[in-house]
Protein chains: 2
Amino acid sequence: MKGIKTIASDGTITITPDPVAIEPLLTPAEVATMFRVDPKTVTRWAKAGRLSTVRTLGGHRRYREAEVRSLLAFGEQKRVQ
Amino acid sequence: MKGIKTIASDGTITITPDPVAIEPLLTPAEVATMFRVDPKTVTRWAKAGRLSTVRTLGGHRRYREAEVRSLLAFGEQKRVQ
DNA sequence: CGTCATTAGGGTAATTTGGGTA
DNA sequence: CCTGTCCAAATTACCCTAATGA
């Protein structure tokens, strides 16, 4: 069950979007690998406000995949010397 | 229909045929997906009292969707360009 | 009645945080 | 200004078996 549709005993019907599709997140290590930098550097970007973060209840950071990919795509553009 | 139909901003559709509202619950796997952590980590949060839990008669944990979403939003930081 | 994915447990690696420094 | 590294403490991930849920 992926939490798409639930029917309570009282007849309540709840349709919930797939949690996976709501907001794909990346770990610090994954972002670091994508940018070919140290995870610590990614943390500094987050601290500086260059990257938005979602925190786990334990304080670890998670990064939005869409935002990271967008930043990566921008950097991949060829620049004229 | 005698029921009440509500559509949340996140797309969740709730049809309640009775004035009594039933709280939507999430499985450990769903909460883990939303936070991008292991399901066992969600269990640790519950043990530590950081998440309120609803137990099935068999001992499995269920989590309140509203609480999970509010915790996710709380840690969000906006990007400063 | 079985079937199979998920969860609860517990234990042990791996990762992340934060500060300070190069 | 930006990045990599060392450190200790905290958090999270992965391993297993047995039980629960759908």
Side-chain angles (χ1 to χ4, degrees), chain A residues 1-65 67-77 79 81, chain B residues 12 14-15 22-65 67-81:
Chain A
M1 201 264 284
K2 283 297 180 181
I4 301 299
K5 180 180 179 183
T6 54
I7 305 178
S9 58
D10 67 345
T12 299
I13 302 175
T14 301
I15 302 175
T16 307
D18 188 352
V20 181
I22 294 180
E23 184 104 70
L25 300 176
L26 297 174
T27 65
E30 290 170 341
V31 178
T33 300
M34 295 171 71
F35 277 99
R36 206 12 172 126
V37 294
D38 194 271
K40 188 89 173 184
T41 298
V42 179
T43 299
R44 291 197 186 98
W45 293 346
K47 275 188 183 179
R50 295 165 169 271
L51 271 174
S52 63
T53 63
V54 175
R55 292 274 197 157
T56 69
L57 298 191
H60 285 203
R61 297 181 181 88
R62 296 286 115 103
Y63 303 93
R64 304 176 197 282
E65 183 183 16
E67 184 179 5
V68 172
R69 280 188 305 171
S70 129
L71 291 173
L72 269 176
F74 180 78
E76 285 174 357
Q77 290 180 0
R79 64 180 66 166
Q81 284 287 66
Chain B
T12 299
T14 302
I15 302 175
I22 296 299
E23 223 173 6
L25 300 178
L26 298 175
T27 64
E30 289 169 345
V31 179
T33 300
M34 294 171 72
F35 277 97
R36 185 53 162 91
V37 294
D38 193 271
K40 285 307 187 63
T41 299
V42 180
T43 299
R44 270 187 239 102
W45 295 345
K47 281 187 180 178
R50 306 205 230 211
L51 268 176
S52 62
T53 62
V54 177
R55 288 274 197 161
T56 68
L57 298 188
H60 285 198
R61 296 181 181 87
R62 297 287 116 98
Y63 303 92
R64 305 177 195 282
E65 181 183 3
E67 183 180 7
V68 171
R69 291 187 184 280
S70 86
L71 288 174
L72 264 176
F74 183 79
E76 288 180 356
Q77 288 181 352
K78 291 197 174 183
R79 177 165 53 120
V80 180
Q81 194 67 313

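Proteins come first, then strands; the chains are lettered A, B, ... in the order of their sequence lines, and each starts at number 1.
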Taking atom [atom2] of [N] as reference, at what distance in whole Å does atom [atom1] of [X] sit?
X: Leu25(A); N: dT16(C); atom1: CG; atom2: P; answer: 14 Å
X: Lys47(B); N: dT11(D); atom1: NZ; atom2: C1'; answer: 15 Å
X: Arg55(A); N: dT17(C); atom1: CZ; atom2: C1'; answer: 8 Å
X: Leu51(A); N: dC2(D); atom1: CG; atom2: C1'; answer: 15 Å
X: Glu30(A); N: dA13(D); atom1: CD; atom2: P; answer: 10 Å
X: His60(B); N: dT6(C); atom1: NE2; atom2: P; answer: 12 Å
X: Asp38(A); N: dC7(D); atom1: CG; atom2: P; answer: 15 Å
X: Leu57(B); N: dG21(D); atom1: CG; atom2: P; answer: 7 Å

Query raised in the report: Is the closest side-chain donor-acceptor distance between Arg64(A) and Ser52(A) under 3.5 Å?
Result: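 Arg64(A) vs Ser52(A): donor-acceptor pair found between side chains.
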Can you tell me if the side-chain N/O atoms of [X] get under 4.0 Å from OP1 or OP2 in [N]?
X: Trp45(A); N: dC2(D); result: no
X: Thr56(A); N: dT11(D); result: no
X: Thr27(B); N: dT7(C); result: yes

Query raised in the report: Considering only heavy atoms and no angle criterion, is a donor-acceptor pair shorter than 3.5 Å present between the side chain of Lys40(B) and the base of dG11(C)?
Result: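 No.
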Query raised in the report: Is any side-chain N or O of Arg44(A) under 3.5 Å from a base N or O of dG18(C), one able to act as donor and the other as acceptor?
Result: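 No, no donor-acceptor pair under 3.5 Å.
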Requested in this report: Tell which nucleotide pairs with dT11(D), taking only Watson-Crick or G-U wobble pairs whose two distances are both under 3.5 angstrom.
Outcome: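 Paired with dA14(C).
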Report task. Look through every strand shown and name the nucleotide pairing with dT3(D) as Watson-Crick or G-U wobble, where both distances are under 3.5 Å. Result ->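 Pairing partner: dA22(C).
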**Report entry** NZ/NE/NH1/NH2 to OD/OE distance under 4.0 Å, Arg50(B) and Glu67(B)
**Finding:**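 The answer is no: the pair does not qualify as a salt bridge.
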Requested in this report: Run the numbers on Thr41(A) and Phe35(A) for side chain to side chain contact (heavy atoms under 4.5 Å, CB included), then give the verdict.
Outcome: CA-CA 10 Å; Thr41(A) 298; Phe35(A) 277 99; over 6 Å; no
Query - Shortest non-hydrogen contact from Arg61(B) toward Pro28(B) - result: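 Heavy atoms only, the tightest pair is O-CD, 3.3 Å.
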Counting heavy atoms from C-beta on, name the nucleotide in [options] closest to the side chain of [X].
X: Arg62(A); options: dA13(D), dT20(D), dG18(C); result: dA13(D)
X: Thr41(B); options: dT12(D), dG9(C), dT3(D); result: dT12(D)
X: Arg61(B); options: dA8(C), dT12(D), dT17(C); result: dA8(C)

**Report entry** Beyond-backbone contact of Met34(A) with Leu26(A), side-chain heavy atoms, under 4.5 angstrom
**Finding:**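 Yes; the side chains approach each other to less than 4.5 Å.
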